[in-house]
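Per chain, numbering begins at 1; letters A, B, ... match sequence-line order. Below, all heavy atoms of this structure are taken into account, side chains as well, without hydrogens, waters or symmetry copies.
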Amino acid sequence: MLEKVVEMKLTRVNQLRSQVGQEVRIKGWVNTIRDQKTMQFLIVRDETGLIQIANSRKENPGLAEIISGLTNESVIEVVGQVMANEAVQLGGLEIIPKQITVLSLADPNLPVDKDSSLSIRLDWRFIDLRRPENHLIFQIQTTAEHAMREYWYQNGFIEIHSPKLMGSASESGAELFSLKYFDTTAYLAQSPQFYKQMAMAAGFNRVFEIGPVFRANPSFTSRHDTEFTSIDVEISWIDSHEEVMAFEEQWLQYVLKAIREKHGAAIKETFGVDVVVPELPFPRMSMEEAYQLLDEKGHELPEAKGDLDPEGERLVARHIMEKYGHEFVFVTDYPVAVRPFYHMRHEDRPHLTKSYDLLWKGLEITTGAQREHRYDILARQAQEKGLSLEGIDFYLNFFKYGCPPHGGFGFGLTRMLMVLLNVANVREVTYLYRGPNRLTP
RNA sequence: GGAGCUGUGGUGUAGUCGGUUAACAUGUCGGCCUGUCAAGCCGGAGAUCGCGGGUUCAAGUCCCGUCAGCUCCGCCA
């Protein structure tokens, strides 16, 4: 008899409705204990939902003792009969237990709860992540990445995995983490930029990578971290950055459609956000136009010549929403001064790059551009930016032996989730956050 | 790197112009309770108020320093 029980198939909580009257076996966490004199109630939680377990002390004193010894968040196995019961507010279902096994007894003094500060919740991230809304976040992330890959796959992209250990910097600007590497120094990649461009020189035509990047910036904001997942795309045979934007908007539309179909209702219920599948094309606004707009709106322009400050980005986004009813906007043609050396410049306006940023609800989620693929021009632009050619020799070589015109973009995965779900901090949507003051857990 | 705010039992908070045993909720522990469902009721334990220094007869409460957290700016995805 006992052996038969042990062999019984595991049922997930969300399948119990179809098992009324049947004997089932479930496993999960103890969510709530209501231990009364005659009746005992447990709420057990698994990844799919909550179910009440109801035990009569008189009828089953042995189980009563086990239940009285339970603690919240303990992991148990319950074998029993599923009963429909209108009186049960939790879905009208309950299990009358026959056997309860404690698989992992939890210390009753939990160090966090859902109302704890973000910092404490991050200290105890594995407990915090048990909450269904956190499961949802990572289910959405999974759907997003899956849809991205589907789209790439359907469009002939090749996936690459570029090294994260590098012998030199890939881009100026963002600072690098350095580490001891045998008898020399290595750097953690702050971007797969150079290596995805290498794939263009290698004739891969179209590539993508989803991978970690590292930035040694002491950034104390709600949208920065020192390690994050970057989504990178690079495309050959383009004539301008417009083609990169055209790709990105179609790709994003596909991804958001998938997210809306699969999680739209849950996102609405849990985060109160309507997932909008964006219409094509996304609105575009040149940096010059953006500056004019901000000037008209009386926004004091930042000293940094030619870039938008966060407030400026929000104002532009609001304007686009009012005028076009669109959540996205491509801001294009950034001045040379605020862009890296490898961005191609406009032939007729050499002070402007063929580049763009994508803002979603006022937050920057992408930087893209057509790259400069002509060796001499690229080397000259690098020198103008004060880079030593020896340091990027390996990179410049990509353009020396025949390289297609190409362009691409980098996209922040957690920033996308943050904006999608309207959460205030990237740490909430990052599995394990890394920042200037956090290296654990 | 710059600016601001915050730092009180496990967790979340209150603490009024500085004044005697630091309060409340929740969790936890014990007891009670014939089906609960954010269970309820009674009782207990638990904080020397981030840390260091100062002002004062007296400091959680004021000042300085320091550390930590958060937010914004800079940097960027």
Side-chain angles (χ1 to χ4, degrees), chain A residues 31-43 50-59 67-68 71-73 83 85-94 96 106-124 127-128 171-175 190-193 210-233 300 302-304 307-314 338-340 357-360 363-368 409-419 424-427 429-430 435-438:
Chain A
N31 200 74
T32 311
I33 305 166
R34 289 192 274 271
D35 189 358
Q36 305 182 136
K37 188 171 190 179
T38 58
M39 286 298 296
Q40 296 172 306
F41 300 96
L42 293 178
I43 308 293
L50 300 168
I51 182 66
Q52 172 163 290
I53 314 296
N55 183 53
S56 160
R57 278 179 176 273
K58 199 164 68 182
E59 285 171 32
I67 291 171
S68 290
T71 54
N72 282 329
E73 295 303 312
M83 305 292 282
N85 183 344
E86 284 300 313
V88 179
Q89 287 175 26
L90 187 63
L93 283 183
E94 65 184 0
I96 308 303
D107 185 327
N109 295 297
L110 292 165
V112 267
D113 62 44
K114 65 179 174 54
D115 296 319
S116 297
S117 68
L118 178 58
S119 175
I120 289 175
R121 287 191 288 115
L122 293 185
D123 286 340
W124 298 96
I127 297 175
D128 189 48
E171 296 184 54
S172 57
E175 288 173 47
Q190 51 159 289
S191 158
Q193 183 62 38
I210 299 179
V213 296
F214 306 89
R215 308 263 167 109
N217 293 317
S219 297
F220 300 97
T221 76
S222 57
R223 61 187 185 282
H224 288 90
D225 28 28
T226 51
E227 174 179 351
F228 65 94
T229 303
S230 178
I231 292 168
D232 278 87
V233 165
E300 201 169 320
E303 307 217 354
D307 211 348
L308 294 175
D309 57 340
E311 180 58 19
E313 290 177 342
R314 288 188 282 269
V338 298
R339 292 276 142 158
D357 275 10
L358 176 60
L359 308 182
W360 188 13
L363 184 70
E364 180 182 334
I365 60 167
T366 280
T367 293
F409 63 88
F411 179 97
L413 178 63
T414 43
R415 285 213 177 161
M416 181 193 84
L417 289 168
M418 183 182 172
V419 176
N425 200 310
V426 276
R427 287 160 234 189
V429 296
T430 305
N437 291 318
R438 182 172 287 276

Original post:
Got A:V112 and A:D128 here, is their nearest side-chain heavy-atom distance under 4.5 Å?
Top reply: no
Subject >> A:P108 side chain reached by A:N72 side chain, heavy atoms, under 4.5 Å >> reply: no
**OP:** Could you tell me whether the side chain of A:F411 reaches within less than 4.5 Å of the side chain of A:I365, counting heavy atoms only?
**Re:** yes
Subject >> Spacing of the P atoms in B:C63 and B:C17 (rounded, Å) >> reply: 13 Å
Original post:
Considering only heavy atoms and no angle criterion, is a donor-acceptor pair shorter than 3.5 Å present between the side chain of A:Q36 and the base of B:U34?
Top reply: no
**OP:** Report the nucleotide, chosen from B:C76, B:U34, B:C73, that has the shortest atom-to-atom distance to any side-chain atom of A:E364.
**Re:** B:C76
Original post:
Could you spell out the base pairing of RNA chain B in dot-bracket, with Watson-Crick or G-U pairs whose two distances are under 3.5 Å, [ ] crossing and | to another strand?
Top reply: (((((((..((((.....[...)))).(((((.......))))).....(((((..]....))))))))))))....
**OP:** Indicate whether OP1 or OP2 belonging to B:U28 is found under 4.0 Å from a side-chain N or O atom of A:N72.
**Re:** yes
**OP:** List for me each residue that meets salt bridge (charged side-chain N to carboxylate O under 4.0 Å, His left out) alongside A:E59, sequence neighbours excluded, and say none if there are none.
**Re:** none
Original post:
Quantified in whole Å, what is the C1' atom distance between nucleotide B:C51 and nucleotide B:U36?
Top reply: 47 Å
**OP:** Compare the minimum distances between each of B:A77, B:C70, B:C37 and the side chain of A:S119, then state the nucleotide with the smallest one.
**Re:** B:C70
Subject >> Separation of the P atoms in B:G7 and B:C49, to the nearest angstrom >> reply: 14 Å
Original post:
Are any of A:N425's side-chain N or O atoms less than 4.0 Å away from OP1 or OP2 of B:U71?
Top reply: yes
Original post:
Which nucleotide in the set B:C37, B:G35, B:U71 lies at the smallest distance from any side-chain heavy atom of A:F220?
Top reply: B:U71
Subject >> Ring centroids of A:F41 and B:G35 base under 5.5 Å with planes under 30° >> reply: no
Original post:
Got a donor-acceptor pair under 3.5 Å from the side chain of A:S219 to the base of B:C75?
Top reply: yes
Subject >> Closest-nucleotide 5' rank along RNA chain B - winner of A:T71 and A:F228 >> reply: A:T71
Original post:
Rounded to the Å, how far apart are A:R438 CZ and B:C70 P?
Top reply: 7 Å
Original post:
A:T221 near the nucleic acid: base, sugar-phosphate alone, or nothing, with a heavy-atom cut-off under 4.0 Å?
Top reply: base
Original post:
Can you tell me how far P in B:C76 sits from the matching atom in B:G52, rounded to whole Å?
Top reply: 42 Å
Original post:
For every nucleotide of nucleotides 6-14 of chain B, 5' to 3': is a protein heavy atom under 4.0 Å from its base (B), only from its sugar-phosphate (S), or from neither (-)?
Top reply: ----SSS--
Original post:
Below 4.5 Å, heavy atoms only, C-beta onward: do A:V88 and A:L93 meet side chain to side chain?
Top reply: no
Original post:
Choosing from B:G74, B:G69, B:U71, which nucleotide comes nearest the side chain of A:N437?
Top reply: B:G69
Original post:
When you compare B:U48 with B:C57, how far apart are their P atoms, in angstrom units rounded to a whole number?
Top reply: 27 Å
Original post:
Is there a donor and acceptor pair closer than 3.5 Å between the side chain of A:E94 and the base of B:G35?
Top reply: yes
Original post:
With sequence neighbours left out, what residues match A:E73 under salt bridge (charged side-chain N to carboxylate O under 4.0 Å, His left out)?
Top reply: A:R45, A:R130
Subject >> Test side chain to side chain contact (heavy atoms under 4.5 Å, CB included) applied to A:L122 - qualifying residues, sequence neighbours left out >> reply: A:L118, A:R125, A:R427, A:Y433, A:R438
Original post:
Taking atom C1' in both B:G53 and B:G15, what distance in whole Å separates the two?
Top reply: 25 Å
Original post:
Of all residues at least two apart in sequence or in a different chain, which pass the side chain to side chain contact (heavy atoms under 4.5 Å, CB included) check with A:T229?
Top reply: A:I210, A:L413
**OP:** Can you sort out the partners of A:E94 under side-chain hydrogen bond (donor to acceptor under 3.5 Å, both in side chains), two or more places apart, ordered by chain and number?
**Re:** A:Q52, A:N85
**OP:** Sticking with atom P, work out how far B:G74 lies from B:U11, rounded to a whole angstrom.
**Re:** 35 Å
Subject >> Distance between P atoms of B:U26 and B:C62 (Å, rounded) >> reply: 30 Å
Original post:
Partners of A:D35 by side chain to side chain contact (heavy atoms under 4.5 Å, CB included), sequence neighbours excluded?
Top reply: A:I33, A:Q40, A:R57, A:S68
Original post:
Reckon A:R223 has a side-chain N or O less than 4.0 Å from the OP1 or OP2 of B:C70?
Top reply: no
**OP:** Name the closest nucleotide to the A:K37 side chain, picking from B:C33, B:C76, B:U36.
**Re:** B:C33
Original post:
Between the base of B:C76 and the side chain of A:R415, is there any donor-acceptor pair under 3.5 Å?
Top reply: yes
Subject >> Those residues that, when tested against A:E364, pass side chain to side chain contact (heavy atoms under 4.5 Å, CB included) (two or more places apart) >> reply: A:E313, A:D357, A:L359, A:T367, A:R415
